[in-house]
Protein chains: 2
Amino acid sequence: MTTIQDVAMRAGCAISTVSRVLNGSPHTTEATRVRVMAAVDELGYRVNTIGRSLKTQKTGAFGVLIPSITNPVFASSLGGIEEAARTAGYDIIVTTSNYDPGRDGEAVEALLARGVEGVLLTVTDPATGRVADRLAARHVPHVLLYNQPIDPAVAAVTVDNRRATADLTGEVIARGHTDIGYVSGVFGSSDRARIRYAGYCDRMREAGLKPQAAVEVPFVGQDRDFVAAVARFLNAPTRPTALLCSNDLLAIRIMAAARTLGLRVPEDLSVAGFDGIDIGRMVEPSLATILQPAADMGRQAVQFLFALMRGEREPATLIMPHTFRPGRSLAAARGGTIAGALRAAPAPALNRKTIP
Amino acid sequence: MTTIQDVAMRAGCAISTVSRVLNGSPHTTEATRVRVMAAVDELGYRVNTIGRSLKTQKTGAFGVLIPSITNPVFASSLGGIEEAARTAGYDIIVTTSNYDPGRDGEAVEALLARGVEGVLLTVTDPATGRVADRLAARHVPHVLLYNQPIDPAVAAVTVDNRRATADLTGEVIARGHTDIGYVSGVFGSSDRARIRYAGYCDRMREAGLKPQAAVEVPFVGQDRDFVAAVARFLNAPTRPTALLCSNDLLAIRIMAAARTLGLRVPEDLSVAGFDGIDIGRMVEPSLATILQPAADMGRQAVQFLFALMRGEREPATLIMPHTFRPGRSLAAARGGTIAGALRAAPAPALNRKTIP
DNA sequence: TAGGGCGGTGGAAACGTTCCCAAAGGCCGG
DNA sequence: CCGGCCTTTGGGAACGTTTCCACCGCCCTA
């Protein structure tokens with residue numbers, strides 16, 4: 001490996017001079033600058049990031065913890081994160097928890113050991129994990145993504161999950177449904193699932209309807225087990241006319257399972273999701289859902305993290321806007337009326353706001 | 001930050017002793033071991049990876065370059081990669097080219113500057129990019145993933161794209177289709193797209209059919225442009241009865257576009273993809289495709305990379321097995337016969353093999 | 001012309017770790 | 001009982017970089 005030492009020798013100057021030239025220090029002659037750069041080119045020298053990091057205590061990298069890479073909503077946000085990081089000259093170190101609450105902690109420890117300058121994280125549960133606390137104790141800047149922070153002192157970028165699901169539930173009710181079920185990933189693996197369920201309950205009660213118990217299904221299991229679990233539920237005589245799912249991937253799997261069971265969506269069962277993944281627009285029937293701007297949330301989280309690193313900003317929760325995306329998976333209830341749909345007040349648009 | 005120095009002071013011994021205990025050197029007393037570990041716990045000491053890396057010239061990280069995180073097939077392989085890396089105690093640094101041939105090079109440079117010990121890469125084009133050459137020149141272990149290497153001295157994990165597409169084309173022909181089109185991502189952005197097209201041509205000619213010109217569509221563009229481009233093609237009177245797509249995501253988008261245009265799949269148009277992404281089984285109609293074991297390919301590539309790092313193995317191309325996954329998107333041609341399907345010889349199973 | 005200031009440069013310490021080498025202590029065998 | 005060997009420990013150099021400090025000319029001004 002060619003080092004700064006070699007360059008100095010070749011250029012006939014001191015190591016410190018080379019370093020100055022390389023870092024664009026003003027105290028340097030054009031002549032030496034040219035000589036040094038020539039030596040750099042001839043030797044094919046490239047600065048060693050490790051040596052630099054050791055001295056400067058900066059690694060130029062931050063960590064990202066997400067539950068899963070294969071869920072398109074996290075893939076999208078990761079895409080936004082990667083882009084924003086690259087633009088700023090930062091590298092990202094990606095790690096996953098696979099929805100396992102225990103792995104949140106070790107994953108963050110591993111990131112810390114690597115010397116990341118900050119961490120972006122979507123934890124399984126901010127209430128029980130206390131991962132953010134450990135980061136705070138170590139003074140490592142961090143931003144929660146998708147999670148709703150327990151402690152307002154923790155920075156976060158999310159949508160108003162509760163309100164959004166309430167809005168979505170309102171859309172379903174407006175289409176004449178009264179028997180509306182809720183299917184969810186395991187509550188212990190996702191605070192979003194819990195919060196969204198609460199939003200569903202809010203709106204149901206508001207409409208004078210009885211919220212149903214959430215059906216928790218294992219999110220990462222085998223397909224066969226999944227279909228079996230769903231079948232037990234959908235074949236029951238008490239099957240609802242509409243089903244809210246805690247996320248789009250789940251909704252799409254449910255639709256596929258329903259088809260397997262001989263149910264037609266939306267004629268026999270309306271389905272709605274949450275996330276707004278692209279694929280939801282391409283499936284048949286297209287999936288009604290709440291759209292959250294995943295890639296943009298990732299980008300925003302990165303900007304937020306940088307601000308925190310520079311000490312420019314106090315931690316705050318950034319609530320991103322959500323929108324209802326209609327889809328053919330959600331139809332009027334049998335016997336429901338267009339008039340009923342028109343009577344229902346449309347959900348007011350939520351604008352981005354910062355809660356200090 | 002607490003350093004090894006602090007621990008040594010606390011434990012009342014030398015820095016080197018602490019280092020030995022931490023690294024599990026045999027030359028160490030149980031008593032000192034206990035004393036050191038106690039000091040470590042009390043001080044909450046964690047080894048500084050930067051300092052270690054500087055000394056050992058090992059970073060414990062390798063780089064991953066993929067075209068896009070949001071394509072599920074790359075997300076899946078990335079999932080496999082992440083898992084395998086984590087198991088081995090390695091971190092991964094992820095970067096994307098967004099199918100831009102120019103960005104392959106800079107991305108790899110960035111990874112190298114960070115001091116990765118190896119690189120896993122899916123480049124846009126191994127023929128023109130010569131990225132692998134640069135890695136070889138710098139003696140950085142690297143494995144191509146999904147790409148078919150030009151130079152057999154370059155390690156790679158892939159499927160037999162040409163043969164696989166030929167197999168798939170055979171399945172379509174066996175269902176009585178003779179007018180079979182091919183839609184593809186831009187050839188310049190993907191060697192897979194080109195090679196797969198060649199496989200399609202092979203099998204068409206073999207069956208005495210005329211291969212059609214590939215329709216290249218911009219893969220990352222706006223949805224509106226995409227639909228417009230596809231519409232021009234699908235509304236033409238020369239529309240084929242079956243369409244092969246260079247990947248699943250494209251196939252799913254095509255199916256959605258076809259629906260928008262009032263075409264029924266598979267009644268008016270059969271569609272087949274390539275990749276075997278999960279979502280393809282959940283869309284309606286389910287997508288006929290070639291399944292490549294994405295996550296497993298990622299894991300294998302990691303193992304391969306480790307072997308290369310240890311100098312254990314000569315570079316070679318690992319061809320993973322592919323399988324045809326039937327789907328309702330592919331039906332018998334109007335006027336096609338079951339007998340015709342039966343007459344067609346089934347594609348022989350491909351087993352994994354290593355080309356030395 | 002002499003002195004002061006300043007721009008450019010070189011030397012060296014420091015970052016946190018690993019690991020080689022030497023020294024010290026204990027134990028065993030002669 | 002003493003010498004030698006082996007085990008354990010300490011000291012210090014090295015990894016590649018940044019950056020502080022000191023030094024040396026040069027130029028400008030008095």
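Keep in mind it's a predicted model, so treat the numbers as computed, not measured. Throughout, protein chains are lettered first and strands after them, A, B, ... in sequence-line order, and every chain is numbered starting at 1. Just the heavy atoms: all of them, side chains too, but no hydrogens, waters or symmetry mates, feed the values below.
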**Student:** From CD of A/Gln5 over to C1' of C/dG11, roughly how many Å is that when rounded to an integer?
**Tutor:**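 That distance rounds to 12 Å.
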
**Student:** Does anything in residues 26-33 of chain A reach DNA chain C, meaning a heavy atom under 4.0 Å, and if so which residues?
**Tutor:**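 Residues of residues 26-33 of chain A under 4.0 Å from DNA chain C: A/Pro26, A/His27, A/Thr28, A/Thr29, A/Thr32.
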
**Student:** List for me each residue that meets side chain to side chain donor-acceptor pair (under 3.5 Å) alongside B/Asp151, sequence neighbours excluded, and say none if there are none.
**Tutor:**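 Result, side chain to side chain donor-acceptor pair (under 3.5 Å) vs B/Asp151: none returned.
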
**Student:** Assign the ring pair B/Phe74 / B/Tyr146 to parallel, tilted or perpendicular, where the plane angle (0 to 90°) is split at 30° and 60°.
**Tutor:**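 Rings of B/Phe74 and B/Tyr146: perpendicular, as their planes differ by over 60°.
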
**Student:** Which is it for A/Val108 and A/Leu112 under the side chain to side chain contact (heavy atoms under 4.5 Å, CB included) test, yes or no, and what are the steps along the way?
**Tutor:** CA-CA 6 Å; A/Val108 166; A/Leu112 255 32; 4.2 Å; yes

**Student:** What is the distance, rounded to the nearest whole Å, between atom CD1 of A/Ile50 and atom P of C/dA14?
**Tutor:**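 In whole Å, C/dA14 P lies 23 Å from A/Ile50 CD1.
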
**Student:** Please determine if B/Asp133 and B/Arg130 form a salt bridge, counting it only when a charged side-chain N lies under 4.0 Å from a carboxylate O.
**Tutor:**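 Between B/Arg130 and B/Asp133 there is a salt bridge, with a charged N closer than 4.0 Å to a carboxylate O.
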
**Student:** Does any residue of residues 51-62 of chain B have a heavy atom under 4.0 Å from DNA chain C, and if so, which ones, in number order?
**Tutor:**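 Correct list: B/Gly51, B/Arg52, B/Leu54, B/Lys55, B/Thr56.
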
**Student:** NA contact type, B/Ile15, heavy-atom cut-off 4.0 Å: base, sugar-phosphate, or nothing?
**Tutor:**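 Base contact.
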
**Student:** Restricting both atoms to N or O, compile the protein contacts to nucleotides 24-26 of chain C shorter than 3.5 Å, with distance only.
**Tutor:**
none

**Student:** Figure out the CD1/C1' separation between A/Ile4 and D/dG16, and round it to whole Å.
**Tutor:**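 My rounded result for the distance is 8 Å.
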
**Student:** Quickly work out the A/Arg20 CZ to C/dG8 P distance and round it to whole Å.
**Tutor:**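 Rounding to the nearest Å, CZ of A/Arg20 and P of C/dG8 are 10 Å apart.
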
**Student:** Distance check, rounded to the nearest 0.5 Å: A/Asn98 atom CG versus A/Thr124 atom OG1?
**Tutor:**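 Taking CG in A/Asn98 and OG1 in A/Thr124, the distance rounds to 11.0 Å.
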
**Student:** The side chain of B/Met1 lies closest to which of these nucleotides: D/dT17, D/dG11, C/dG16?
**Tutor:**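 Out of D/dT17, D/dG11, C/dG16, the nucleotide with an atom closest to B/Met1's side chain is C/dG16.
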
**Student:** Find the distance B/Asn23:CG to C/dC20:C1' and express it as a whole number of Å.
**Tutor:**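 After rounding, the gap between these two atoms is 15 Å.
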
**Student:** Would you call the rings of B/Phe62 and B/Phe306 parallel, tilted or perpendicular, taking 30° and 60° as the class edges?
**Tutor:**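 Rings of B/Phe62 and B/Phe306: perpendicular, over 60°.
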
**Student:** Going through the checks in order, is the side chain to side chain contact (heavy atoms under 4.5 Å, CB included) test met by B/Thr158 and B/Leu145?
**Tutor:** CA-CA 6 Å; B/Thr158 178; B/Leu145 188 51; over 6 Å; no

**Student:** Rounded to the nearest angstrom, tell me the gap between atom CG in A/Leu22 and atom P in D/dG16.
**Tutor:**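 Answer to the nearest Å: 15 Å.
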
**Student:** Can A/Glu106 and B/Arg86 be counted as an ion pair, charged N to O under 4.0 angstrom?
**Tutor:**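 Not counted as a salt bridge, because no side-chain N and carboxylate O are separated by less than 4.0 Å.
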
**Student:** Does the side chain to side chain contact (heavy atoms under 4.5 Å, CB included) test come out yes or no for A/Asn48 and A/Thr3, once each step is laid out?
**Tutor:** CA-CA 8 Å; A/Asn48 180 320; A/Thr3 76; over 6 Å; no

**Student:** Answer with base, sugar-phosphate or nothing: what part of the nucleic acid does B/Ser16 contact at a heavy-atom distance below 4.0 Å?
**Tutor:**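 Since a base atom lies under 4.0 Å of B/Ser16, the category is base.
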
**Student:** Could you work out, with salt bridge (Lys or Arg N to Asp or Glu O under 4.0 Å) as the rule, every residue matching A/Asp91, not counting sequence neighbours?
**Tutor:**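 With neighbours one apart ignored, the set is B/Arg114.
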
**Student:** Salt bridge (charged side-chain N to carboxylate O under 4.0 Å, His left out): which pairs involve residues 116-127 of chain A, sequence neighbours left out?
**Tutor:**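 Sorted pair list: A/Asp125-A/Arg194.
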
**Student:** Round to a whole Å and report the spacing from CZ of A/Arg46 to C1' of D/dT17.
**Tutor:**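 That distance rounds to 16 Å.
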
